[in-house]
Amino acid sequence: MVISDVTIFGTWSEHCGNGKDDDGDGDTDCEDSDCVGNIFNVNVVKEPTCNICDDGIISVQMFGLLNNGEISFDNGVSFIPMNQSFMEFDGFLPGDYDIIARNRWYGCLSSWKGNSVTLAAPVGQPLGSCENGDIESGDFSGWVCSTSSWTKDPNEPNYNFPISPFIDPFVEGIVDNRHRVVSSGIDPYAPLIHFPFSGSYSLLLGNSNTGFEIDRIAYKFIVDSKNKDFTFNYALVLQDPEGHISDDGVDARPFFEYSFYYIENGAKVQIPNGTFKVVSDANDPYWSIGNDVVYKGWSCETIDLSSYIGKEITLEFTVADCGLRDHFGYAYIDGLCVSPEDNKPVPSLELNEIVCDNQEVFADATKSFSFNKYEIEVCRIDGGNEVECKKQITFASFIPVINVGDFLEANSSELVCENMYIVKLTLYNDCSESVGIARQFKYVCGGSTISYPDFVNCTLSNNPSIDVKIPSDNDCLNCTFSWEPAGYLDDATLEEPTIQGTLITNAVGREYSVVATNSLGCEYEDKLTVFNLPEIVFISPKEVVECDKNLDLRVKIVFDRWIDNPENIINISFYDLKGNKNVEGQRVSSSPDRRTFTYKLMLDASVEQSLEVTVNWNQSFVDANVHIGNNCSVKREIDLESLPATWTYSDLELFYKDTYDDYYDVSDENGKIQVENIFNPTLNVPKFPAVRTFEPFSLHSGVTWAKLSIWEEVGGLLFQKEVEYTEQKAAGLLVNGQLNLMELAWDGSYNGYNAEIGVYVWVLELRNCQFPEGQEKIFSGDVTLIK
């Protein structure tokens, strides 16, 4: 056998498109995962909010293609660049999406194993007798959308805004952000308006932009016996311009209008009492005052259409911005053609039957809907009678969770132990009768307490493979207990279970929670943390400069959990055993997870030393509900001679760097000084193909002073600058603990003018511990200035 007969597989990664199995895994080109890429994970971040809403979001995590990846959501019909391993993509309608990854250079394809990915909008809950009058199809079917705008009087062309505004003709068509279907949400300007009013969807007509916009939506229906008592709901949000009536009397304030009409002989015929218009006016009691707006919470309207049975009627809604200045208006619409019976408020009230004195009493009515006003009443029950009742009425379409104790306190009352109470909720809207619901509860005082201190067991920390019993200080008669996590304990129903370190070593160093329930049903909760002693780790520098006897030693204290501030929990001391003296240590860093804390010690490396580090638990921490065993400390000793440090000599060397090479490919050899041999001060793109300034660069040289001089070849001095390390200047001059020679940069100028193209002589003088003042290390050379 000769060498040419031997093939070594797996030497290289796969080179896509060359027809060879470069990495020796048996797959070639597009068969290899290196070329195809791997769709690691796909998640639906957000479902579309309606059947015609394109606000769905899908996230994709893909490995293997780096900057060559593309992703398709339509089974490969079109592709989108994917230049990061994790990206989110938006703009998705409801539907099924087949996701495919592609290598843009070689066309290699791979499919997501979970195809198809389905996005779905909320399911509607139709209530009305008119098709999609309650918007529960999640789209505009059955509706006609149109838009217009305010415009200025053409007879007044010199005005920059319409002093005498009038309304342009309406243009039919759905306009994004002016006609929308919306699902669950809260209005940003009027938080008492929640939507939808009922079901899953409402219409939003207009927006909070200000652009002289006027928006309209209309619904046609045939009057029959089911819808002759026609109902609908709306809520309004308009900015108040405080006036804005034009010189000729045109009221240009934002407005809302609805109108019932039918067409006869080609003309609109308004239905009596079927037209309503309101403008924004903070002085009108119709409005509530909100955040920079006037608003009207959900209103329910009913109109008698029994005289028009068999006739086609149109209900038209219009909302307008201000016609003179920047003020907006918009409206919510819902529940057309819903009968009074189906339009009744739907109350919901959740409340525990027994509530203990160590718990808050919460009444949850958040699932209630189809109301615009609600009443809360809380009464104490005495002998079957309701007494000491407190009542409050609120105009809103949403009820937050009610704290019954706070409610009574706000009404000059309070909860009393061993009493029964009743909470009554009544909902109202304008189109039906009110609906109420009530729940009773007993307020009991259990008189029990539980207390589990956090604790450190030194034996447990030094040898996790032992069992230890959890201590307690409880006053809880006939209580039952439940612990989490249960898997590390011998019996999670005991008052003081045992941590089974003999079976599960990671049972220590974690948090446990317990719920105790007494005979009255009152629950008491507590948590405890079992602390391990921290680990002590010594870190020595990789190299120590011979002429600098200060040794920068780092000591890491590593906890097994998140710690806010170690000085509050531990006392740490550093002691020189051979010199019989304390050594000062300073905390210099903390890990992002707040588990590892690094301390810096500056030691004299020329003196033989043996260091002892001791960690004791802080007494103040002991007092803060922490149980600590005897002799609970950890120590570690280290002989400095055993540190795996490499002792080096700080000789200063010089090497040139051709700026046409890779500027960032810099050696990290100790003691070398890099200088460029070409630079271009007029370059617009820094660092390519040449640097903009001439500057030396130091690598681990321990330089403490430097001076750079630039000379013409004929001998004239063009530039000279020096920098020196001082304690005051250290922060600005030091880079990674050494002098920043780039402070000496020459920008190619002389006396404020650009120097000529050509070759210049430079002289660099340096000092460090080997080359002190008067014995400077001197380098010189030439540099070419180009433009």
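From a predicted model like this one, the values you see are computed outputs, not experimental measurements.
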Value rounded to 0.5 Å, distance of [atom1] in [X] from [atom2] in [Y]:
| X | Y | atom1 | atom2 | value |
| --- | --- | --- | --- | --- |
| Thr426 | Lys391 | OG1 | NZ | 8.0 Å |
| Asn419 | Asp382 | CG | CG | 7.5 Å |
| Ile450 | Cys479 | CD1 | SG | 8.0 Å |
| Leu520 | Lys442 | CG | NZ | 7.5 Å |
| Ile57 | Phe89 | CD1 | CZ | 12.0 Å |
| Ile399 | Lys367 | CD1 | NZ | 13.5 Å |

Measure up the Tyr421 and Phe441 rings against each other and bin them: parallel (under 30°), tilted (30 to 60°), perpendicular (over 60°).
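Taking Phe441 first and then Tyr421, their aromatic rings lie parallel (interplane angle under 30°).
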Residue pair [X] / [Y], side-chain donor-acceptor N/O under 3.5 Å:
| X | Y | result |
| --- | --- | --- |
| Asn478 | Ser519 | no |
| Asn411 | Ser413 | no |
| Ser451 | Asp473 | no |
| Asn474 | Tyr452 | yes |
| Ser472 | Glu496 | yes |

Quick check: Phe369 with Phe197 (ring centres under 6.0 Å apart)?
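Phe197 vs Phe369: aromatic centres not under 6.0 Å.
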Determine, using ring centers only, whether Tyr488 and Trp483 are less than 6.0 Å apart.
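Ring centres of Tyr488 and Trp483 not closer than 6.0 Å.
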Stepwise side chain to side chain contact (heavy atoms under 4.5 Å, CB included) check, Tyr295 with Ile193:
CA-CA 9 Å; Tyr295 70 92; Ile193 298 178; 4.0 Å; yes
Is there side-chain contact between [X] and [Y], with at least one heavy-atom pair below 4.5 Å?
| X | Y | value |
| --- | --- | --- |
| Glu523 | Val515 | yes |
| Ile381 | Gln440 | yes |
| Met87 | Val60 | no |
| Ile470 | Leu489 | yes |
| Leu577 | Leu611 | no |
| Asn429 | Lys373 | no |
| Ile572 | Val613 | yes |
| Glu136 | Leu127 | no |

Please give me the minimum heavy-atom distance between [X] and [Y], naming the atom from each residue.
| X | Y | answer |
| --- | --- | --- |
| Lys390 | Phe407 | O-CE2, 3.7 Å |
| Pro497 | Asp491 | CB-O, 3.3 Å |
| Val44 | Thr118 | CG2-O, 4.2 Å |
| Cys300 | Asn343 | SG-ND2, 3.4 Å |
| Phe481 | Val514 | CD2-CG2, 4.0 Å |
| Cys50 | Pro94 | O-CG, 3.5 Å |

Between [X] (side chain) and [Y] (backbone), is there a donor-acceptor pair under 3.5 Å?
| X | Y | value |
| --- | --- | --- |
| Ser397 | Ser370 | no |
| Asn352 | Ile354 | no |
| Ser368 | Ser348 | yes |
| Glu484 | Tyr512 | no |
| Asp490 | Thr498 | yes |
| Ser299 | Gly297 | yes |
| Asn43 | Val45 | no |
| Ser85 | Gln61 | no |

Decide side chain to side chain contact (heavy atoms under 4.5 Å, CB included) for Thr366 and Val401; before the verdict, give the C-alpha distance in whole Å, the side-chain angles of both, and the deciding distance to 0.1 Å.
CA-CA 6 Å; Thr366 57; Val401 175; 3.9 Å; yes
Before you tell me yes or no, could you show the steps for Asn403 and Glu360 under side chain to side chain donor-acceptor pair (under 3.5 Å), namely the whole-Å CA-CA distance, both residues' side-chain angles and the distance that decides it to 0.1 Å?
CA-CA 7 Å; Asn403 187 313; Glu360 301 284 357; 3.1 Å; yes
Using side chain to side chain contact (heavy atoms under 4.5 Å, CB included), reason through Val555 and Thr598 one step at a time and then give a plain yes or no.
CA-CA 6 Å; Val555 179; Thr598 302; over 6 Å; no
Quick check: are the SG atoms of Cys356 and Cys522 less than 2.5 Å apart?
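Disulfide present: SG-SG distance under 2.5 Å.
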Assess whether atom [atom1] of [X] is packed by more than 12 heavy atoms of other residues, nucleotides or ligands within 6.0 Å.
| X | atom1 | answer |
| --- | --- | --- |
| Glu88 | CD | yes |
| Phe395 | CZ | no |
| Phe362 | CZ | yes |

[X] bridged to [Y] by N-O distance under 4.0 Å:
| X | Y | value |
| --- | --- | --- |
| Lys344 | Glu433 | yes |
| Glu353 | Arg439 | no |
| Lys424 | Glu375 | no |

One pair to check against side chain to side chain contact (heavy atoms under 4.5 Å, CB included): Asp357 and Tyr443. What are the steps and the verdict?
CA-CA 7 Å; Asp357 60 335; Tyr443 188 67; 3.6 Å; yes
Could you check Tyr201, Tyr332, Trp298 and say which one makes a ring-ring contact (aromatic ring centres under 6.0 Å, His included) with Phe195?
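Only one option passes, and that is Tyr332.
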